[in-house]
2 protein chains.
Amino acid sequence: MTTIHQVAEAAGVSISTVSYALSGKRPVSEKTRRRIEEAAAALGYMPDAGARMLAGRRTHIFALTEPLRADTHAPTHMAFVLATSIAARRHGYDVLLLTDEQASVGMSRVASSRLVDAILVLDVAPDDARVEIARSIRTPTIFIGLPDDAEGLTCVDIDFEAAGRLAVDRLADAGHTAITLLGQPAVSYRTSNFSRRLRRGVESGAQARDIALETTCSGELATDAGVVRAVVEAALARGDRAFVVHTVTDAHEVLLSVLADHGLRVGHDVSVVSAATAFDTSDLRTPLDTIPLVPSQSCDLAVEIALHRLEDRTSSPRIHLIPPEYHPAGSVRTLADR
Amino acid sequence: MTTIHQVAEAAGVSISTVSYALSGKRPVSEKTRRRIEEAAAALGYMPDAGARMLAGRRTHIFALTEPLRADTHAPTHMAFVLATSIAARRHGYDVLLLTDEQASVGMSRVASSRLVDAILVLDVAPDDARVEIARSIRTPTIFIGLPDDAEGLTCVDIDFEAAGRLAVDRLADAGHTAITLLGQPAVSYRTSNFSRRLRRGVESGAQARDIALETTCSGELATDAGVVRAVVEAALARGDRAFVVHTVTDAHEVLLSVLADHGLRVGHDVSVVSAATAFDTSDLRTPLDTIPLVPSQSCDLAVEIALHRLEDRTSSPRIHLIPPEYHPAGSVRTLADR
DNA sequence: TTGAAAGCGATACCAT
DNA sequence: ATGGTATCGCTTTCAA
């Protein structure tokens, strides 16, 4: 093992100079800095993590809590974990996993043992148990998602309400007067807040634009092709020609296949907007207008806020809502087609 | 923050006694131990992670490297991460995530900074780049999976070859003389070793039992319902009435639906064994005999081996293959049905 | 611009 | 059975 002493000796300087040269926390003459860097590289020096944690005020580790619920959509979840990890590494941070039902206990543990500098909370439930833990510890905690009671918390999330309104606005602009929301499985409205918020946005958007709205679920526990098919058939029977889709891939395909069965051309006879989807809709048979859910947006911001909180301990909690983006792909009919 | 000194003072003993009492590494009289535990609990004492890492020879952290490839099956992957995390926590260990393409760099980093005591390697590819990294570092590294060249490595995995043979044996015992292996998507045979090993086991089993074998893939890049349907139709046309299924959920459903279309009763007219599946086949319309892939089996063992390696640094690398288990559910025809 | 040295908070050895 | 203390390798103040 190479220590800072050996690097110092090799470079002919003191250990403090080595420390400062490598951390950049104090100006070091160009020449000695190069010597130190060369020595460090030659010896394969890497500061001891434990020593750094003990002496410094940073551990360079974030905890990431993720309560793997049964209804967790694995691919989306993984995308968030990956995005968080990449964002953290970009700032020299590693990610410690706090999985399973022990997430709450784990938070207290890593906080009081000073194992991590901050905690990032994924997959936030409306009445998340981690909320009260977060309030009880001094370790900065950032929620990626919005619980019902966010008092005193720092949260980062997409503005799902705005996303819902945005989707409706586009459809209303295209001249539609009746919209069907093809929503998440019913269980999602019980366990997640983002689905509710999106639905609320769609509802308020419809009200504001005087649109007739039908909101539906894509199944009970999971997305059910039969349910989706029935919902779409009913919508078409009502005369609805505009859909806001907020669910997983499969339902998109069912929707498109039903529309095709009816000989309806997406972007001409009917309009479809896919809202808050984490996957790539360009793989679908018909490209869809999307309001994408980009994990890196939330995760990058969460990491930055965490770091900022470490710099400035006095900065106060806040809710950061990221404005939704609309990505057109021709699936909403234009004025020319009316 | 509570330190060991404060606990010592509160309990009226020295810090070394506190350390020993809490770690149990030295006998401490029943009475003083209770006093110490009470004081620690009252003060909410939790040893400082950095100090422990520096002073002790353990960090109590495992690294878990996972290269999230495009074809990674997210739910299965998550199950392995969860199983590892649970096994680690059971021994007082936390799990540090090493994601993305930087997995190799990350391994060297956490090894030379002594951030972790051992590294667990998930989702092992046949020619995994992490193999050479593992050979170049001193940190004990356990592969959960088997690379082509495992020389000098410690690996834990299900014995997929035995699983393949087992599946064939059961079908042969039931009197079948022709079997179709409904395999993974083609890409899987390029990126994973376990699919190859299972196929090899099926092949050698078929040879040993003098069974006509047809091996197929369930699509090119991903499981493709059309391909699966065609494969099953072809098998039925050939007269095959026995299937070994080794792929994800969807293909199972397609298989069952085709069989139903033909009026074939699973467990009577046809036999089906699902091999090395991580998901719950009892959700299918027809329960299937399975040779389950239980993540906790591999992960628990991997963690135990890692800990053992830390105790006894001289213990030599080894490949640990876990024997497959056969779980009957009535989907293989019995003698009575012939 | 650089160096010396005081901690950081545990563990574990050496005493008693 | 318990206590004193050297030690781990770094960060950071204080001095020069």
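The model shown is predicted, which means the values in this text are computed figures rather than measured ones. All chains are named by letter (A, B, ...) in the order of the sequence lines, taking the proteins before the strands, and each is independently numbered beginning at 1. The basis for the numbers below is simple: all heavy atoms, side chains too, and nothing from hydrogens, waters or symmetry mates.
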> Do you know the tightest heavy-atom contact between A:Val95 and A:Ser85?
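So the minimum-distance heavy-atom pair works out to CG2-CA, 3.9 Å.
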> With sequence neighbours excluded, tell me which residues meet side chain to side chain donor-acceptor pair (under 3.5 Å) with B:Thr191.
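Expected list: B:Asp71.
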> Please name the pair of heavy atoms, one in A:Ala49 and one in B:Met53, separated by the smallest distance, quoted to 0.1 Å.
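A:Ala49 and B:Met53 have their closest heavy atoms at CB-CE, 4.0 Å.
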> Pairs in or reaching into residues 297-323 of chain A: which pass ring pair (Phe, Tyr, Trp, His ring centres under 6.0 Å), with residues at least two apart or in two chains?
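Sorted result for residues 297-323 of chain A: empty, none.
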> Crowded around B:His5 NE2? As in, over 12 foreign heavy atoms under 6.0 Å?
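Count not over threshold, so no.
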> Give, ordered by number, those residues of residues 110-117 of chain A having at least one heavy-atom distance below 4.0 Å to an atom of DNA chain D; if nothing qualifies, reply none.
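Result for residues 110-117 of chain A: none.
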> Go through the structure and list residues passing ring pair (Phe, Tyr, Trp, His ring centres under 6.0 Å) with A:Phe194, not counting sequence neighbours.
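Only A:Phe160, A:His246 meet the ring pair (Phe, Tyr, Trp, His ring centres under 6.0 Å) criterion with A:Phe194.
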> What donor-acceptor contacts under 3.5 angstrom involve side-chain atoms of residues 34-46 of chain B, with partners at least two apart or in another chain?
from: B:Arg35; atom 1: NE; to: B:Ala11; atom 2: O; distance (Å): 3.0
from: B:Arg35; atom 1: NH2; to: B:Ala11; atom 2: O; distance (Å): 3.0
from: B:Glu37; atom 1: OE2; to: B:Arg33; atom 2: NE; distance (Å): 3.3

> Scan A:Asp159, A:Asp148, A:Asp157 and name whichever one has a salt bridge (charged side-chain N to carboxylate O under 4.0 Å, His left out) with A:Arg197.
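Answer after filtering A:Asp159, A:Asp148, A:Asp157: A:Asp157.
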> Without swapping roles, check the side chain of B:Arg135 against the backbone of B:Leu153 for a donor-acceptor pair under 3.5 Å.
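Answer holds: no.
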> Which atom pair, heavy atoms only, marks the closest approach of A:Pro317 to A:Arg309?
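It is CA-NH2, 3.5 Å.
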> Apply ring pair (Phe, Tyr, Trp, His ring centres under 6.0 Å) to B:Phe62 and list each qualifying residue two or more places apart in sequence or on a separate chain.
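Scan of B:Phe62 (ring pair (Phe, Tyr, Trp, His ring centres under 6.0 Å), adjacent residues dropped) gives B:Tyr93.
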> Which residues in residues 16-38 of chain B have a heavy atom closer than 4.0 Å to any atom of DNA chain C?
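Within residues 16-38 of chain B, the residues near DNA chain C are B:Ser16, B:Ser19, B:Tyr20, B:Lys25, B:Arg26.
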> Could you tell me how far apart A:Leu43 (CG) and D:dG9 (C1') are, to the nearest whole angstrom?
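Rounding to the nearest Å, CG of A:Leu43 and C1' of D:dG9 are 15 Å apart.
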> Taking five pairs at each end of the helix from C:dT1-D:dA16 to C:dT16-D:dA1, what angle separates the two helix axes (nearest 10°)?
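Overall, the helix from C:dT1-D:dA16 to C:dT16-D:dA1 bends by 30° from one end axis to the other.
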> Heavy atoms within less than 4.0 Å of DNA chain D: which residues of residues 49-58 of chain B have one? Give them sorted by number.
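Hits under 4.0 Å, by residue number: B:Leu54, B:Ala55.
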> Please report, rounded to the nearest Å, how far the P atom of D:dT5 is from the CD1 atom of B:Ile15.
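Spelled out: CD1 on B:Ile15 to P on D:dT5 is 11 Å.
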> Checking the side chain of A:Thr141 only, and the main-chain atoms of A:Thr139 only, is there a donor and an acceptor separated by less than 3.5 Å?
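Present.
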> Applying salt bridge (charged side-chain N to carboxylate O under 4.0 Å, His left out), which residue pairs with at least one partner in residues 54-64 of chain A are found, sequence neighbours left out?
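Qualifying pairs, neighbours excluded: A:Arg58-A:Glu311.
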> Compile the donor-acceptor pairs under 3.5 Å between side chains in residues 292-302 of chain B and protein atoms, sequence neighbours left out, one pair per line.
from: B:Gln297; atom 1: NE2; to: B:Glu325; atom 2: OE2; distance (Å): 3.2
from: B:Asp300; atom 1: OD1; to: B:Arg90; atom 2: NH2; distance (Å): 3.1
from: B:Asp300; atom 1: OD2; to: B:Arg90; atom 2: NH2; distance (Å): 3.2

> Just verifying a value: how many Å separate A:Leu146 CG and A:Asp128 CG, rounded to the nearest 0.5 Å?
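It is 11.5 Å, given to the nearest 0.5 Å.
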> What is the first contacted nucleotide of DNA chain C and what is the last, in 5' to 3' order, if contact means an atom lying under 4.0 angstrom from a heavy atom of chain A?
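Result: C:dT1 to C:dG9.
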